[in-house]
Structure formats: structure tokens, C-alpha cells
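These notes are about the structure you will find just below.
Numbered from 1 within each chain, the chains take letters A, B, ... in sequence-line order. No hydrogens, no waters, no symmetry mates; every other heavy atom, side chains included, goes into these values.
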Number of protein chains: 2
Amino acid sequence: MASRKEVADLAGVSEATVSRVLNGVGPIKEETRRKVLEASEQLGYVPSALARSFARSKSGNLGVVLPYVPKAHLFSAYFFSEMLSGIGSKARDNSMDLLVMFRTPGEVMNYTDLFRRQKVDACIILGARDDHEELAAMQQLHQEGHPFCVMNQHFEGQSFTEVDADHVEGSRLAIRHLTDQGYRKIAFLNGPDSYSNSQERMEGVCLGLQEAGMELDPSLLLKGNYSRRSGIEAAAIVADRLHEIDAVFAANDRMAIGVMHGLRERGIGPADFPAFVGYDDSDAAEMAVPPLSSVRVPFFEMGELAVSKLMHGSVGDTHKANNSVVAVTESARALLPTELIIRASSIRQ
Amino acid sequence: MASRKEVADLAGVSEATVSRVLNGVGPIKEETRRKVLEASEQLGYVPSALARSFARSKSGNLGVVLPYVPKAHLFSAYFFSEMLSGIGSKARDNSMDLLVMFRTPGEVMNYTDLFRRQKVDACIILGARDDHEELAAMQQLHQEGHPFCVMNQHFEGQSFTEVDADHVEGSRLAIRHLTDQGYRKIAFLNGPDSYSNSQERMEGVCLGLQEAGMELDPSLLLKGNYSRRSGIEAAAIVADRLHEIDAVFAANDRMAIGVMHGLRERGIGPADFPAFVGYDDSDAAEMAVPPLSSVRVPFFEMGELAVSKLMHGSVGDTHKANNSVVAVTESARALLPTELIIRASSIRQ
DNA sequence: TTGTAAGCGTTATCAT
DNA sequence: ATGATAACGCTTACAA
């Protein structure tokens, strides 16, 4: 627990010089640098991040907001953990620490206070929904010029910094894969519209069908909530109409697997399964029986990209004009490519 | 961005009083309190967490160290996400923020610097292994009197604060469940010994067999590394000796599922499967085909408990004696109960 | 190239 | 019950 003063004394310099050396700023004579480094090393001096943050008015923290996952199991932990890892990896490169917060189920999250309290310098929001409160919160953030990035959710008509994957294309690929093999009666189990991702998948599905000269049969459009249970429920319909459904495309792996389970519960075995394609390519996909074809989403890379965008400061580049903060960047939405991973579940035997 | 001074002026009190009201310390006249609260509300004043931390020499952050998970897929993200949620939930109750850090694969983690830099006030370590470097790092932490808690790993002969589940009992239950149904040739696929959890499971297995008047056949003790792949590899042995193995107990769900897959790859169908019991009761267990019996571990509650122990300060209760820091608490290991969840995979037909 | 000193926005101690 | 005021440990002009 050596103090900076001790280091300064031992090195025979002023405290300011110690700081300069340790921060690598200003011109320093090589010998001084060496002396300071030695003294600091010898005394085991470690500068206080607290004092530094305070002096700089920068926390050095990157906030990450996660949806409250446990018990709910709407989504697979897989995808948040991948994104978080990507974020963590890039944050470390920028010597930022990760401040993780869980969005509380009921209450509205006050994002701006996070910044005002100076707990974070920038912030990444995962699992946001397109509802009124969420939107208002983001608009306030944007308005006040705080650097933030939304992942996996698009807010139409806003110019937020967003990182997402190309779900239109991913869904189109999935459908094309099915139609190319001659599947004609394709059921689509989508998630709630409150996620832009769901809407995009819908768009991709229509596009894919269209390219094959078909269109979506409304009676084959099923709705779930991304949980396995909702897949099991949807299986009731699939089972009833098994003769008129030859393939199922689900908006995530959990629902796809849920449908498989639901069919099994009704005594329908894999031999009589329709073709299946899921989404996310989570580890559940390869554990499924039969192994589930799925659209791969580069979650890890999306996490990295989000941090890069924040650090590069594209959104932080704001300037005051007429007393109001104006973001310089206009189109700040980045879309990473998706890819179809083909496994046994969707291959014609 | 109102300052404390403005609030003080508007309320007609001193800045110190503003602080006192907002922190709820010291005696305050009710009317003063009201005036301050009003002024503060009206101006939208938010105290700087940075300055506060600095003044108090407390970051208000709880560090959480996670193993570097992505790509590796040794463990399921499930269990870290559950623990993290439990930690987050309890941390919020104590108005602490979560600072999560990923342990870098190669390099040794310097835990003490975390404290010296004052980035965290306490810290929880997940996914630690019992190797020399890790132990040394922990000993240093302990030595310097920093409050920390190790989860899911026991360091023999140390008096670290630890939170774990009763894996001896969990494994014993799994084995008893199998022997009770008359299974006699039980293969045990364990994880690496560098995790104390593996050793405990081994102990429970021996105990369970012993209670049934049997003992572990060394040739039926298989080794994996908790990955699905290692389960697939172990399946080679199980397949070869299928006639002399009637049940498989795996140290986690991923490996159990891996064995199932390996058997399938070799043309062995569910009808010819041995009984299976996995461990963790991750969501993969209920998604497996057949649904996998598994030992449930209360990860979420473990996370909560870890935070409670740190906050309650059992480990922080150190005192200086003869110039060295001595921990007051002696036995600081908490074990939460495990429970067997029975599903189709282990039920005699 | 280096030293001096003024903040940074709180908390906490000591008066009053 | 409240007001002054000295820390807290660092960064960063400004001086030298």
C-alpha cells in the first residue's frame, strides 16, 4: 500500500512526475522515467482507480444492460453469454471494465442516471424491446448525448447506434434452403412483434417464399414467445395438420426444439417429423435430436463491434449547437451477416 | 446537471446539509429535509458516484470473475448465467454494482491489484481451478485481508470463504436412484480432478455404490473434461461394452448428452440405451431425447448466498494483530443442497 | 524537462 | 440541528 508520495521521494522527483511517468504523458527524461519505474516497482505502488476516475471525471466503466433472464428462460443464456464475452474481450482492449446491470422485470430502467452518476462512460443495451417506455428512455439518452449502443433491436425512425445481424437474410436463407429441397408447406413459428428481430425474420420468410414463387399461408404462421414451452404449444397445431405441413421454420432454436418435443409427446416420432430449421445456432441446436439446422448469428462479433463503435466514438461525436446536443452520425446501424448451418433436421432423406 | 451548490442555495442550507439529507445521516429537522428533497428533485440533482466513491474510498462495486467461456464450450453458459443472476439480484439489494471480468486463458489473474486499485470492494470468483497459480493468487488475497468468495471450488486446507453445493450428496443420490432400480453395471464419466467438484462427485459415487453393497469397477470409471465432445469420445467405450454397462452417470449434462450422441452415431438407438443420469439440471437436460435425469444444483441461490456472505462481512471481519492481518472466521464453507430430478432417461421400462 | 498548485465533488470532523 | 472546512489521491494547466 505504498503512496505516490513515497514513490516520489524514493525516486527523488515530484509527485506530478510520478503521475506523468505512469500515465506516459508529457516529455520525460529517460533516466527520470527509469528511476520512477524502479521506485514504483520496488514499493509496489498501484495508483487508485477511484482517485483517477474522480480527477478525470471518467469512470472507465462500460455499462452493459441485460434482461433479467433467470427462471424466465425465454431466451437461451447462450446468446447473452456470447455477446457479453465479445463485449468483454473488446472492452479489455480498451482498458475498460464491464459494469453489468440486470433490467428489473417491472420497473423502468433509468439509463440517464447511470451516466449522470458517472458510473459508466458508455453503455450497451441488450434485449431491449420496442415499447413506449424503452423508447422514451433511449431517446432521453440520445438527447443528452450519452454514448450508447443497442444490440439486437432496431428502433425505426431513430438514429441510435445499433448493432444487429441480418435477420432478413438469415430467414430468407432458411426458407430458400427448404424450398430448394422441394418443401412446399412451410409453417413459420415467429416470436413477438415487439422485437424488431421478429419482424425482420418475417420479412425474410416472405422474401424467400416469394423467390420460390410462393407466398406465406397465413394459417401456417404461428406465434410463440421464444420459449421452449411456446414451441410445445405450437406443436399442437403442427400435429393436427401434419399432413399439410412438411417443414417448420422457427424464429429460435428453443422454439424449434419445443415443437419437436410437442410432437413426440403426441406420439409422433422423428421418422414422421417435418423438416426443421431453427435460429441462433445455439449449442442446443447441435444437441437436438435430430441435430437442428439453424441460422448462425455472430453474437460474439456483434459484442466486439458494439464496443468498437462506442470507443471509436462515432456516437460520442456530438457537438453543441443552439444549446442542444446534436449527434453527428446519421445512419449508425450495423448489420453483421448471418449464415445457415445445415444439419440432419432439414435434409430430405 | 445541477450541482449540489445550486441545491443548497435553492433550499437555503449549506452543501453539507444537502449531503446529510441525501445520505440519511445525522439528525435533520423534518422541514429542512423536505426543503432539500424538493430542491434536489426540482433541479434534477444526481450526486456523482465517482466523487462519492473517492471520498469514501469505496468503489461500491462487487467484482465477479468469470472463466473465459466462448468457443471453448467446456461448460454450459447456463450455469454461469444462473449464478451471475443470483449475484446480481443480491448485489442490487445491497446497492452494489457488478464489475465482471473474464479470466484470460493463459495469463495469471492479478486479483489483489483489483483491490489495490480500488476497483472493487469485494469479489466473487467463479470457475477457479485448483492449480498452483490460482491458489497462490487466492492466498495473497486472503493474506491481505480482502473480502472474496470462491464459488464451486474448494481449496483444501485453506480457510477461504467458499460457497458450493453438496456434490457428494448429489452424486450419492444419483447412484442410489440407479441401484434402487436394480442397475448394477454403472459407468461413471467424471470431469478433471483439478476441480474439487469432480473429486466430490467421485466420493458420492463410491458412497452410493457402497450403500448398495457394491463398489466402483475401475474399468467403468471414464474421464472427460465436461465438454460434449468428451462425452462423445467416452461413448466409444460405452458402445464397445454395451452388454456390460446398464447405466451411465455423467458429471454434467453436456457429457451425458455427448454420450447419447456418440451412441447414436454408432447406430445405437434409445431403445438400447443404458440408463442415464446427468448433472447440473441445465436446460439441456429437459431438451435431451430422452429427457435426462439430472442432479439439480441451486446456482441462483448460490450466487445470492455468496453475496450475502461478503456483505455480512464474515470474511471482512479481519483485525490487525502483530502487524499482520488475521481472519476471524475459521470455517467459511457453505454447502447448499442438491436434488435429483428424475426424467425418462433413467426410468426402467 | 520538471515542480507547484489548483481543482475534481464528495464525506466527515469539528465547531457552533 | 447545521455550517465551515479539511481531507481524499489524482490530473493538469501554468510556471520555472
Give a yes or no on whether a salt bridge exists between B/Arg34 and B/Glu30, defined as a side-chain N under 4.0 angstrom from a carboxylate O.
no

Please determine if B/Glu134 and B/Arg103 form a salt bridge, counting it only when a charged side-chain N lies under 4.0 Å from a carboxylate O.
yes

What nucleic acid atoms does [X] come within less than 4.0 Å of, heavy atoms only: base, sugar-phosphate, or nothing?
X: A/Leu50; result: nothing
X: B/Val13; result: sugar-phosphate
X: B/Ser53; result: nothing

Considering only nitrogen or oxygen atoms on both sides, find all protein atoms under 3.5 Å from nucleotides 8-10 of chain C and state each distance.
from, atom 1, to, atom 2, distance (Å)
C/dT10, OP1, B/Tyr45, OH, 2.9
C/dT10, OP1, B/Ser48, N, 3.2
C/dT10, OP2, B/Tyr45, OH, 3.4

Angle between terminal axes - the helix from C/dT1-D/dA16 to C/dT16-D/dA1, 5 pairs each end, rounded to 10°:
40°

Any donor-acceptor pair under 3.5 Å linking the side chain of [X] with the backbone of [Y]?
X: B/Ser89; Y: B/Ser85; answer: no
X: B/Lys309; Y: B/Ala332; answer: yes
X: A/Glu162; Y: A/Phe155; answer: yes

Is there side-chain contact between A/Arg92 and A/Asp97, with heavy atoms separated by less than 4.5 Å?
no

Please verify the inter-ring angle class for [X] with [Y]; under 30° counts as parallel, over 60° as perpendicular, anything in between as tilted.
X: B/Phe115; Y: B/His146; value: parallel
X: B/Phe79; Y: B/Phe299; value: parallel
X: A/Phe54; Y: B/Phe54; value: parallel

Which nucleotide of DNA chain D is the first, and which the last, in the 5' to 3' direction, to come under 4.0 Å of a heavy atom belonging to chain B?
D/dA1 to D/dG9

Qualifying residue, where the test is side-chain contact (heavy atoms from CB on, under 4.5 Å) with B/Met96 and the options are B/Asn61, B/Asp121, B/Leu310, B/Val120
B/Asp121

Find which nucleotide of DNA chain D each of A/Ala16 and B/Arg33 is nearest to by heavy atoms, and output the residue with the more 5' nucleotide.
B/Arg33

